[in-house]
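Here the structure is laid out as structure tokens; the discussion comes afterwards.
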Amino acid sequence: MPLKSNFKADLAKEKRLSILLDSYYQKNLKFYDFERTQHLKQQLDGIDLVLKNKTTQQVHFVDEKAQLDYINESLPTFAFELLYQKNGAEKPGWLFDKKKQTHFYALATNIFSDEKGIYTSCNVTFVNRQKLISYLIERGLTLHLLQKTISANKSLHGKLVMDNLDPKTEGYLFFSRKNKAENPINLVLRLEFLLKIGVGKQLV
């Protein structure tokens with residue numbers, strides 16, 4: 001029996017979460033104006049939010065990513081998508097996809113809900129996409145190496161430890177071949193690690 005995609009349900013959850021996130025942006029991003037994108041093409045290009053510096057007018061594109069499968073749970077890690085499947089074909093995940101225009105990821109974690117459909121609190125960590133990719137390349141975790149590793153483990157479901165990362169303090173690969181319709185393959189990184197190496201900054 002094929003696994004069902006949760007795409008539509010996730011969109012509804014994201015819309016409800018955006019109310020909470022907007023309140024955090026208004027409180028903590030005082031030097032920026034922000035506007036949510038309404039066009040599907042922009043969202044597909046990895047732009048959920050446009051930030052504009054009030055002084056310099058510099059514009060940043062933000063892609064919001066949320067741990068909506070783990071409400072009322074605290075995870076120390078975040079999954080960065082490397083590859084997924086659509087209609088039987090492999091597609092590049094959002095981290096290395098050159099078509100994405102994302103400058104920053106806004107990672108929403110520790111999402112709590114006191115009543116169904118209403119999110120009351122979460123943590124938000126901003127990650128500089130290019131700084132993260134550059135750091136991974138410096139550590140030898142190039143797209144070519146990751147693709148080669150994925151190809152060599154086509155039947156694997158679960159965690160794969162990489163020589164380039166400490167699985168306890170930094171991260172690892174995770175293959176979701178049995179529990180998700182899109183069969184995503186993710187680079188799972190610890191949030192503390194992202195802050196330590198200077199590619200991430202916690203907003204709240």
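- From Asp114, atom CG reaches atom CZ of Phe112 across 9.5 Å, with rounding to the nearest 0.5 Å.
- Classification of the Phe61-His103 ring pair by plane angle, with boundaries at 30° and 60°, yields parallel.
- Side-chain atoms of Thr109 and Leu191, non-hydrogen and from C-beta on, do get closer than 4.5 Å to each other.
- With Asp48 contributing its side chain and Glu64 its backbone, the two residues share a donor-acceptor pair below 3.5 Å.
- Here Glu192 contributes atom CD and Thr125 contributes atom OG1; the two are 10.5 Å apart, rounded to the nearest 0.5 Å.
- Contact annotation: the side chain of Leu160 never approaches that of Tyr172 to less than 4.5 Å [non-hydrogen atoms, C-beta and beyond].
- In summary, the aromatic rings of Phe80 and Trp94 are positioned with their centroids under 6.0 Å apart.
- A 4.5 Å side-chain heavy-atom check between Leu173 and Leu165 finds every atom pair outside the cut-off.
- Atom CD of Glu35 sits in a sparse spot, with 12 or fewer heavy atoms from other residues, nucleotides or ligands closer than 6.0 Å.
- Without hydrogens or angle criteria, Arg129 side chain to Leu95 main chain gives a donor-acceptor distance under 3.5 Å.
- The distance between the ring centers of His157 and Phe175 does not fall below 6.0 angstrom.
- In this structure, the side chains of Val50 and His60 stay at 4.5 Å or more apart for every pair of heavy atoms.
- Rounding to the nearest 0.5 Å gives a distance of 11.5 Å between CG of Leu20 and CD1 of Ile118.
- With a 6.0 Å radius and a threshold of 12 heavy atoms from other residues, nucleotides or ligands, Asn72 has its CG atom above the threshold.
- In this structure, the side chains of Met162 and Thr149 come closer than 4.5 Å at one or more pairs of heavy atoms.
- For the pair Leu141/Leu146, a side-chain contact is recorded, criterion being any heavy-atom separation below 4.5 Å from C-beta on.
- Ile111 and Leu107 are not part of a single hydrophobic cluster, where members link through side-chain heavy atoms under 4.5 Å apart.
- Salt bridge present: Arg139 and Glu170 bring a charged side-chain N and a carboxylate O closer than 4.0 Å.
- In this structure, CG in Asp33 is found 7.5 Å from CD in Gln57, a value given to the nearest 0.5 Å.
- Of all heavy-atom pairs between Pro184 and Glu81, the closest is CB-OE2, 4.4 Å.
- Heavy-atom neighbours of Lys54 NZ from other residues, nucleotides or ligands within 6.0 Å: above the threshold of 12.
- A donor-acceptor contact shorter than 3.5 Å is absent between the side chain of Thr102 and the backbone of Phe104.
- By the 4.5 Å heavy-atom criterion applied to side chains, Gln67 and Phe78 are counted as neighbours.
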Query raised in the report: What's the verdict on side chain to side chain contact (heavy atoms under 4.5 Å, CB included) for Leu187 and Leu136, showing C-alpha distance, side-chain angles and the deciding distance?
Result: CA-CA 11 Å; Leu187 179 63; Leu136 293 173; 3.7 Å; yes
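- Separating the CD1 atom in Ile137 from the CG atom in Leu145 is a distance of 11.5 Å, to the nearest 0.5 Å.
- Taking every heavy atom of both residues into account, Ala108 and Leu21 meet most closely at CB-CD2, 4.3 Å.
- Within a 6.0 Å sphere centred on NZ of Lys52, other residues, nucleotides and ligands contribute 12 heavy atoms or fewer.
- The structure places CG of Leu49 at 12.0 Å from OH of Tyr32, a figure rounded to the nearest 0.5 Å.
- In terms of modelled atom types and a separation under 3.5 Å, the side chain of Ser134 and the main chain of Lys131 share no donor-acceptor contact.
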Report task. Apply the test side chain to side chain contact (heavy atoms under 4.5 Å, CB included) to residues Leu17 and Leu68: give CA-CA distance (whole Å), side-chain angles for both, the deciding distance (0.1 Å), then the verdict. Result -> CA-CA 9 Å; Leu17 180 63; Leu68 289 167; 4.1 Å; yes
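- A 6.0 Å sphere centred on CD of Glu73 holds more than 12 heavy atoms belonging to other residues, nucleotides or ligands.
- Here Lys91 does not pair with Asp97 in a salt bridge; the nearest charged N to carboxylate O distance is not below 4.0 Å.
- Around atom OH of Tyr70, no more than 12 heavy atoms belonging to other residues, nucleotides or ligands sit under 6.0 Å away.
- Taking both residues in full, the closest heavy atoms of Asn53 and Thr55 are given as OD1-N, 2.8 Å, listed atom of the first, atom of the second, then distance.
- With hydrogens and angles ignored, the 3.5 Å screen pairs a side-chain donor or acceptor of Thr37 with a backbone N or O of Ile47.
- Residues Ser74 and Asn110 form a side-chain contact, since some pair of their non-hydrogen atoms from C-beta on lies under 4.5 Å apart.
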Report task. Kindly determine whether Leu29 and Leu203 satisfy side chain to side chain contact (heavy atoms under 4.5 Å, CB included), including the steps that lead there. Result -> CA-CA 9 Å; Leu29 297 175; Leu203 184 68; 3.9 Å; yes
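- Both tests do not hold together for Lys159 against Phe174: distance to the six-membered ring centre under 6.0 Å, angle to the ring axis within 45°.
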